[in-house]
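Along the sequence shown, residues carry numbers from 1. Please read all numbers here as calculations on a predicted model, not as lab measurements.
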Amino acid sequence: MNKPAYDVEYLESMKRKTRYLFKLIARNCEDVFGTIEKYMRSTYRKYMDMGNPLYLNKTPKQILGSMNIKVDLHAEISEKYDEFRLEWMADIYTYLQWNFGLWSADIVGKILPEDLYRKYNPLHETSLKNGAWKLKEIYGL
């Protein structure tokens, strides 16, 4: 994959969806980084990367359900994980996949969730575009 798999019109909704998905994971799963990695490597995510509208239009609850993860939509905010960092991670992963036409499994294979979580400072201070470019260069994506 070398170009965006889906129209730019989907990009903002994909970022919002992935932000919420990561927050649900933090609120409902013991192994947050492992679950994010599992999602990024999933067949479900692969179909999203390919631009399949049946997968692009699913809700985070449906996505997690496809991974056999039950979620409590009213779960408390995670006190262990900074949800601002998780939102930033969601934006970075989504932008890297979309802008550079990379497979999510390849991205997470090089930039593990726990590593990306630690890169929040100082990268969150730059634009999403610049942050993604820096990570692409650092990790050889």
Side-chain angles (χ1 to χ4, degrees), residues 1-139 141:
M1 216 169 29
N2 291 332
K3 62 181 182 122
Y6 49 86
D7 192 272
V8 69
E9 297 297 321
Y10 283 101
L11 184 57
E12 284 306 312
S13 69
M14 282 297 294
K15 286 194 304 190
R16 281 191 309 274
K17 179 185 313 205
T18 308
R19 287 176 191 159
Y20 187 50
L21 179 83
F22 283 14
K23 287 193 279 188
L24 284 176
I25 289 170
R27 294 173 186 186
N28 289 279
C29 299
E30 287 294 317
D31 182 9
V32 172
F33 297 137
T35 305
I36 290 172
E37 183 176 354
K38 181 180 174 185
Y39 159 70
M40 293 289 287
R41 294 181 182 278
S42 71
T43 302
Y44 203 99
R45 180 66 211 186
K46 182 178 178 180
Y47 286 123
M48 293 170 87
D49 289 355
M50 293 174 7
N52 185 320
L54 292 174
Y55 291 84
L56 289 171
N57 291 308
K58 297 292 183 187
T59 67
K61 184 178 177 187
Q62 290 171 311
I63 294 167
L64 291 172
S66 76
M67 296 171 60
N68 296 318
I69 297 172
K70 293 186 186 227
V71 296
D72 175 0
L73 297 176
H74 304 291
E76 299 279 327
I77 291 175
S78 172
E79 292 191 29
K80 188 174 179 184
Y81 297 94
D82 182 335
E83 292 192 358
F84 289 114
R85 285 180 186 232
L86 294 172
E87 287 182 350
W88 175 81
M89 288 173 58
D91 288 353
I92 288 287
Y93 279 143
T94 301
Y95 188 82
L96 282 169
Q97 187 281 318
W98 180 82
N99 190 63
F100 300 110
L102 302 170
W103 295 104
S104 294
D106 293 341
I107 296 167
V108 81
K110 294 209 175 191
I111 310 174
L112 293 172
E114 54 271 27
D115 294 336
L116 186 56
Y117 189 85
R118 286 191 295 270
K119 296 259 186 250
Y120 178 79
N121 285 317
L123 284 179
H124 79 282
E125 295 177 10
T126 186
S127 70
L128 177 61
K129 180 180 177 180
N130 286 340
W133 272 101
K134 287 182 188 304
L135 289 165
K136 184 178 184 297
E137 289 173 8
I138 291 167
Y139 289 95
L141 290 169

Requested in this report: Would you indicate whether K119, at its atom NZ, is surrounded by more than 12 heavy atoms from other residues, nucleotides or ligands within a distance under 6.0 Å?
Outcome: no

Requested in this report: Under the side-chain contact (heavy atoms from CB on, under 4.5 Å) rule, what do Y81 and L86 come out as? Steps first, then yes or no, please.
Outcome: CA-CA 8 Å; Y81 297 94; L86 294 172; 4.0 Å; yes

Requested in this report: Assess the pair Y95 and W133: is the distance between their ring centroids shorter than 6.0 Å?
Outcome: no

Query raised in the report: How long is the gap from CG on L73 to CG on N28, to the nearest 0.5 Å?
Result: 8.0 Å

Query - Y39 side chain near M67 side chain, heavy-atom distance below 4.5 Å - result: yes

Query raised in the report: So does Y47 have more than 12 non-hydrogen atoms from other groups sitting under 6.0 Å from OH?
Result: no

Query raised in the report: Between atom CH2 of W98 and atom CE of M14, what is the distance when rounded to the nearest 0.5 Å?
Result: 12.0 Å

**Report entry** Under 3.5 Å: donor-acceptor pair, side chain of D49, backbone of S104
**Finding:** yes

Query raised in the report: Any salt bridge between K15 and E12, counting N to O under 4.0 Å?
Result: yes

Report summary line: Applied to residues 51-78, the side chain to side chain donor-acceptor pair (under 3.5 Å) test, sequence neighbours excluded, yields T59-Q62

Requested in this report: Measure the spacing between CD1 of I36 and CE of M40 and express it to the nearest 0.5 Å.
Outcome: 9.0 Å

Query - Residue pairs passing the salt bridge (Lys or Arg N to Asp or Glu O under 4.0 Å) test where at least one lies in residues 24-33, sequence neighbours excluded - result: R27-E83

Below 3.5 Å, can you tabulate the donor-acceptor pairs from side chains in residues 109-117 to any protein atom, sequence neighbours excluded?
| residue | atom | partner | partner atom | Å |
| --- | --- | --- | --- | --- |
| K110 | NZ | G140 | O | 3.2 |
| D115 | OD1 | R118 | NH2 | 2.5 |
| Y117 | OH | D82 | N | 2.8 |

**Report entry** Residues that K17 engages under salt bridge (charged side-chain N to carboxylate O under 4.0 Å, His left out), provided they are two or more places apart
**Finding:** none

Report task. Could you note down all residue pairs passing salt bridge (Lys or Arg N to Asp or Glu O under 4.0 Å) where residues 93-103 supplies at least one of them, sequence neighbours left out? Result -> none

Name each donor-acceptor pair under 3.5 Å that joins a side chain in residues 19-26 to protein atoms two or more places apart or in another chain, with its distance.
| residue | atom | partner | partner atom | Å |
| --- | --- | --- | --- | --- |
| R19 | NE | D91 | OD1 | 2.8 |
| R19 | NE | D91 | OD2 | 3.3 |
| R19 | NH2 | D91 | OD1 | 3.2 |
| R19 | NH2 | D91 | OD2 | 2.8 |
| K23 | NZ | E87 | OE2 | 2.7 |

**Report entry** Heavy-atom closest pair, residues C29 and I69
**Finding:** SG-CG2, 3.8 Å

Query raised in the report: From I63 CD1 over to R45 CZ, what is the distance, rounded to the nearest 0.5 angstrom?
Result: 8.0 Å

Query raised in the report: Is the closest side-chain heavy-atom distance between M48 and Q97 below 4.5 Å?
Result: no

Query raised in the report: For Y93, which of T18, L135, L102, V108 qualifies under side-chain contact (heavy atoms from CB on, under 4.5 Å)?
Result: V108

